[in-house]
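Report on the following structure.
Because the structure is predicted, anything quoted here is derived from the model rather than measured.
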Amino acid sequence: MNILGFINIAAIILAPVVSVIIGQKLQDRAKRRQDKMDIFKTLMTNRVYIWTTASVHALNIIDIVFADDKKVRSQWKAYYDKLCVSNPSEEDLRKIETEKCKLLEAIAESLGYKDKITWETIQNPYIPKGLTDSMMQQQQYQNGQVEIMNIVKSMFPMQNGGNTNGQDEI
């Protein structure tokens with residue numbers, strides 16, 4: 001068998017293996033990008049709300065999903081540091097909002113949207129008046145429920161040392 005025969009046999013054996021390896025690498029790369037995109041979409045769509053379960057989840061996995069991106073992780077740390085202020089003032093709240101927008105900007109840049117998603121786009125989410133009205137009504141309703149529960153609790157002071165498990169002591 002000549003050299004051409006060996007090359008053909010090697011190509012027949014190696015081609016499927018190389019194809020699988022390349023295909024797996026492309027799938028891994030696409031999955032990492034999709035994970036990053038999921039975080040970005042979650043944070044962008046929830047930026048008008050103070051907090052949602054989804055946005056907190058997205059923030060908590062930034063260090064994992066963006067492990068290879070120092071800029072995003074650094075901006076997440078800056079944002080996190082601002083979030084950890086007890087009883088934030090109006091100035092603190094403005095700084096928190098700015099750091100959140102900077103985080104979104106860093107993620108957009110990491111995803112290749114540097115010139116497509118602008119600072120103005122990030123800072124101006126769409127939120128219809130009906131939605132804000134509904135959110136305010138829901139908050140008022142929840143505040144009213146808390147107030148009613150506090151009144152009821154004050155009318156019926158706990159006995160037996162504050163046992164609240166619903167069972168009488170013997």
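Using a cutoff of 4.0 Å between basic side-chain nitrogens and carboxylate oxygens, Lys82 and Asp92 are not scored as salt-bridged. Comment: Asp35 engages Lys31 in a salt bridge, judged by a side-chain N to carboxylate O separation of less than 4.0 angstrom. The pair Lys36-Asp68 meets the salt-bridge criterion, with a side-chain N (NZ, NE, NH1 or NH2) lying under 4.0 Å from an Asp/Glu carboxylate O. Arg94 has a carboxylate O that lies under 4.0 Å from a charged side-chain N of Glu91, or vice versa, which qualifies the two as a salt bridge.
Checking Asp28 against Gln24 by side-chain atom types alone, a donor-acceptor pair falls below 3.5 Å. Inspection of the Gln139 and Asn143 side chains reveals an N or O donor paired with an N or O acceptor under 3.5 Å.
For CD of Gln145, the number of neighbouring non-hydrogen atoms (other residues, nucleotides, ligands) closer than 6.0 Å is greater than 12.
Residue pairs that meet the ring-ring contact (aromatic ring centres under 6.0 Å, His included) test with at least one member in residues 80-116, sequence neighbours left out, are Trp76-Tyr80.
Annotation: the span from Lys70 atom NZ to Lys77 atom NZ amounts to 15.5 Å, rounded to 0.5 Å. One distance of note links CD1 of Ile22 with CD of Gln27; it measures 12.5 Å at 0.5 Å rounding.
A donor-acceptor pair under 3.5 Å is absent between the side-chain atoms of Arg32 and the main chain of Val65, judged by distance alone. Put simply, the side chain of Ser134 never gets that close to the backbone of Gly130: no donor and acceptor are under 3.5 Å apart.
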